[in-house]
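Chain A is the first sequence line, chain B the second, and so forth, proteins listed ahead of strands; every chain is numbered from 1.
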Amino acid sequence: MTEQTTTTAGAGEERSYDEYRVIQDLGGWKRSHTCSQLTAADIGKVVTLMGWVQFRRDHGGLIFIDLRDREGLTQTVFSPEEAPEAHERAHAIRIEYVVALRGIVRHRPEGMTNPSMHTGEVEVYVQEWKLLNTSETPPFPIEDRVETSEMLRLKYRYLDLRRPRLARNFILRNKAAQSVRRYLDGLGFLEIETPVLTKSTPEGARDFLVPSRMNLGTFYALPQSPQIFKQLLMVSGLDRYFQIVKCFRDEDLRADRQPEFTQIDIEMSFPDEEQIMGMAEGLVRTLFTETIGVKLPDAFPRMPYKQALDEYGVDKPDVRFGLKLADVKDIFAGGGFKVFASAPCLKALRVAGGLELSRKEIDDYTEFVKIYGAQGLAWIKVKEDGEWQSPIVKFFSEDEKVKLAERLGMVPGDIVFFQAAPVDVANAALGNLRLKLGDRFGLIDEKAFAPLWVTDFPLLEYDPEDKRWVAKHHPFTSPQPGQMDTIASDPGGALARAYDLVLNGNEIGGGSIRIHTPAAQKAMFSALGISDEEAEEKFGFLIEALKFGAPPHGGIAFGLDRIIMLLTGSKSIRDVIAFPKTQKATCLMTDAPNLVSKKQLRELGIQLREKAAEPGEKKAEG
RNA sequence: GGAGCGGUAGUUAAGUUGGUUAUAACGCCGGCCUGUCACGUCGGAGGGCGCGAGUUCAAGUCUCGUCCGCUCCGCCA
């Protein structure tokens, strides 16, 4: 930097402003306004603002500093005439410096207002200011319009959170939480905390375990949900409980799944489904009104689980648009086209306007459905002249063609996709293709919110891996009336008193009426292939409690993070969680999880296996 | 456990069929500038392409391995 001496004569000497970069105390200054508050009504007032430097525009003469806090931006002006000392020192100000400014609110000069700023009508003429802290140049710009890699954002999460879009998410999240508390408190629900160090109940998701120092060799588990505790609170007679509570599941992450997440957990005594669903609808409606001013329908539509799978291929249908699946198996049964005739399930999806899809797009969709186990993707295009263009129609009989056209209502311009596969595959492939096509053909109103109750879930489902029946919801869910007796004889046939709340294709809540008698609970465990001893060992305390006058009870839990994600239009749950984990469940900021000292392990009675002894470790050089 | 996409100055990205000293914009540092608001303008510094092998006369470009981030399947009562 000394190589080339400074340019022309007359140019000033290179200098440093370090002499002005002395950090000062607040010295009794108090903030009078946030950076989004000042309007024309405040003109003439002396105000004190504190915040971060968003932009500086140093004209040599006038210096403009846009000051930012979590609420917004305010333009401040340093003038060499009005406050020479303040102005001279202001040359040293840099982006993200923390400053306190005291000055007079003035109307901006004629034609100089900025309608794109909340505070764009006014500006603060700075009289004196304090440098509260300096800042290194941030690793990425603190602005919404600059996309930055998520790796960097997570490493410097505290800087990412300074960005207005993210900050707004947490302001809204707070609003939502307060709204929930107000609503439930108004209905007599008590907010009660339940343990975070609790008992491992290895039904369902993997538990996070915490070793016990005082009871060597034993472990607590972090709760996957406060399920059993909230039921016990009903036994205790506290009647109505809720909690905004962290839950933990040691499973793989997704855009909408974190290992620790927050539930709005609710339980009430003496309810039926209608009461719980009514209360839950009121909660969600209130939440939407009070946070984003959106009015949801007075009664949310409902759909049985079976219909959801039949018509939408998934158990959480996005009902913002149609495009339903159709079962066409009967048309081709016993026909000449073996692929269709012999399929365990044959479903079709007719898309109006699909004729315009290119070969490439169809190929892409074919690749897409393979994710869900599909072998391929058959299709028929109906050309403008009514002729069918397709690699497979030559195998169809006239009768089959007529019936198919009638069943699906095929008209020129359409494309029809087929899935001949096991029912799970056909549903998943076409159900997810449906979402993609809804997007491709602009069928989804991005501003709409379409809630839907999915009801009448099966009580049990078969787990081919464990070769046993497992609870679809959880093992405390009550079967529908009269079905307790048939569980043993027809485990797959029983329906549960369970309900999920789906919003725009996202599961945002789910609950059930619980089993509240010991006999029924034992019958349930038995249907799940859990022996009496095992049930006693794992859930004895619950069965015991049910013996002492447990009232009928039920409840629901909402995924708060997912709701906030929808309210803020965020693409990832990470954008509504202050300090989220990466897909490998690590924290890039703190480096958790980390190794711990031998001493810590010794105290816990834990010895780590040698890494080299790990099985599956192959490809050694030798 | 598996599939796909990505990793190049502080940041965001470009980088032809492998070919001289690796581009640009923004940011940063400094000069000038009294009405800007993503200020303008002039000048400057800054990377060897995630990491490790290999192929080649030659690798950011090809191969293999590995690490990290993201999306998805499995998993998530």
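At the phosphate of B:rC37, neither OP1 nor OP2 sits under 4.0 Å from any side-chain N or O atom of A:Arg68. OP1 or OP2 of B:rC73 has at least one side-chain nitrogen or oxygen of A:Arg254 nearer than 4.0 Å. A close approach under 4.0 Å does not occur between any side-chain nitrogen or oxygen of A:Lys370 and OP1 or OP2 of B:rA3. The side chain of A:Thr582 places an N or O atom within less than 4.0 Å of a non-bridging phosphate oxygen (OP1 or OP2) of B:rG69. Contact annotation: A:Arg57 side-chain N/O to B:rC39 OP1/OP2 distance is under 4.0 Å. OP1 or OP2 of B:rG30 has at least one side-chain nitrogen or oxygen of A:Arg94 nearer than 4.0 Å. Between A:Thr586 and the phosphate of B:rG69, there is a side-chain N or O to OP1/OP2 separation shorter than 4.0 Å. Taking 4.0 angstrom as the limit, A:Gln583 places a side-chain polar atom (N or O) nearer than this to OP1 or OP2 of B:rU71.
Aromatic pair A:Phe261/A:Phe248: ring centres not closer than 6.0 Å. Between A:His91 and A:Phe78, the ring centre distance reaches or exceeds 6.0 Å.
You cannot call A:His59 stacked on the base of B:rU36; the centres under 5.5 Å and planes under 30° rule is not satisfied.
A:Tyr125 comes within 4.0 angstrom of a base, heavy atoms only. Using a 4.0 Å heavy-atom distance criterion, A:Pro139 is classed as a sugar-phosphate-only contact. Contact annotation for A:Glu507: no contact, since no heavy-atom pair falls under 4.0 Å across all strands. The residue A:Arg153 sits apart from the nucleic acid: no heavy atom pair falls under 4.0 Å. Counting any heavy atom pair closer than 4.0 Å across all strands shown, A:Phe476 reaches no nucleic acid atom. A:Leu73 comes within contact range of no nucleotide atom at all, as no heavy-atom separation falls under 4.0 Å. A:Asp250 comes within 4.0 angstrom of no nucleic acid atom, judged by non-hydrogen atoms across all strands. Within 4.0 Å of A:Ser225, counting heavy atoms only, lies at least one base atom of the nucleic acid.
When distances are taken from the side chain of A:Met112 to each of B:rG30, B:rG35, B:rC33, the shortest belongs to B:rG35. Distance from the side chain of A:Glu150 is smallest for B:rC70 among the nucleotides B:rC70, B:rC76, B:rC28. Considering only the side chain of A:Ser149, B:rU12 comes nearest among B:rC39, B:rC75, B:rU12. Taking only side-chain atoms of A:Val146, from C-beta outward, the nucleotide of B:rU11, B:rC76, B:rU71 with the closest atom is B:rU11. In this structure, of B:rG69, B:rU11, B:rC72, it is B:rG69 that holds the atom nearest to the side chain of A:Leu588. Ranking B:rC76, B:rC70, B:rC28 by closeness to the A:Leu154 side chain, first place goes to B:rC70. With B:rC72, B:rC70, B:rA38 as the choices, the nucleotide that has an atom nearest any side-chain atom of A:Tyr372 turns out to be B:rC72.
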Original post:
Would A:Asp207 and A:Gln224 count as a side-chain hydrogen bond (donor to acceptor under 3.5 Å, both in side chains) if you check the C-alpha gap in whole Å, the side-chain angles of each, and the deciding distance to 0.1 Å?
Top reply: CA-CA 7 Å; A:Asp207 284 324; A:Gln224 298 180 25; 2.6 Å; yes

**OP:** I would like to know whether A:Asn427 and A:Lys347 meet side-chain hydrogen bond (donor to acceptor under 3.5 Å, both in side chains); could you show each step before the answer?
**Re:** CA-CA 8 Å; A:Asn427 277 335; A:Lys347 284 186 140 183; 2.6 Å; yes

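Pair check for B:rU11 finds B:rA25; Watson-Crick or G-U wobble, both atom distances under 3.5 Å. Searching all strands for a Watson-Crick or G-U wobble partner of B:rA53 with both distances below 3.5 Å returns B:rU63.
The NE2-P distance, from A:His91 to B:rG30, rounds to 12 Å in whole Å. The separation between A:Glu136 atom CD and B:rG27 atom P is 19 Å, rounded to whole Å. Between the CG atom of A:Leu152 and the P atom of B:rC68 there is a distance of 17 Å, given to the nearest Å. Between A:Leu253 atom CG and B:rG69 atom P there is a gap of 11 Å when expressed in whole angstrom units. Atom CZ in A:Phe64 sits roughly 16 Å away from atom P in B:rC33 (whole-Å rounding). The CD atom of A:Glu121 sits 18 Å away from the P atom of B:rU36 (whole-angstrom rounding). Summarising the geometry, the separation between CE on A:Met151 and C1' on B:rC51 is reported as 13 Å, rounded to the nearest angstrom. Across the protein-nucleic acid pair, A:Asp66 atom CG and B:rA38 atom C1' stand 10 Å apart, rounded to whole Å.
On the C1' atoms, B:rA45 is 23 Å away from B:rG60, given to the nearest whole Å.
The pair A:Asp18-A:Arg21 counts as a salt bridge, with a side-chain nitrogen and a carboxylate oxygen less than 4.0 angstrom apart.
You'll find a donor-acceptor pair under 3.5 Å spanning the side chain of A:Arg108 and the base of B:rC37, going by distance alone. Between the side chain of A:Arg257 and the base of B:rC76 there is at least one donor-acceptor pair of N/O atoms closer than 3.5 Å. Counting atom types as modelled, A:Asp252 pairs no side-chain N or O with a base atom of B:rC75 as donor and acceptor under 3.5 Å. Side-chain to base pairing of A:Glu123 with B:rG35: one donor and one acceptor N or O lie within less than 3.5 Å of each other.
Annotation for A:Gln243 and A:Pro226: closest pair NE2-CG, 4.1 Å, computed over non-hydrogen atoms.
The closest donor-acceptor contact from the side chain of A:Gln258 to the backbone of A:Ile573 lies at 3.5 Å or more, if one exists at all.
Atom CD1 of A:Ile577 and atom CZ of A:Arg157 lie 8.5 Å apart (nearest 0.5 Å).
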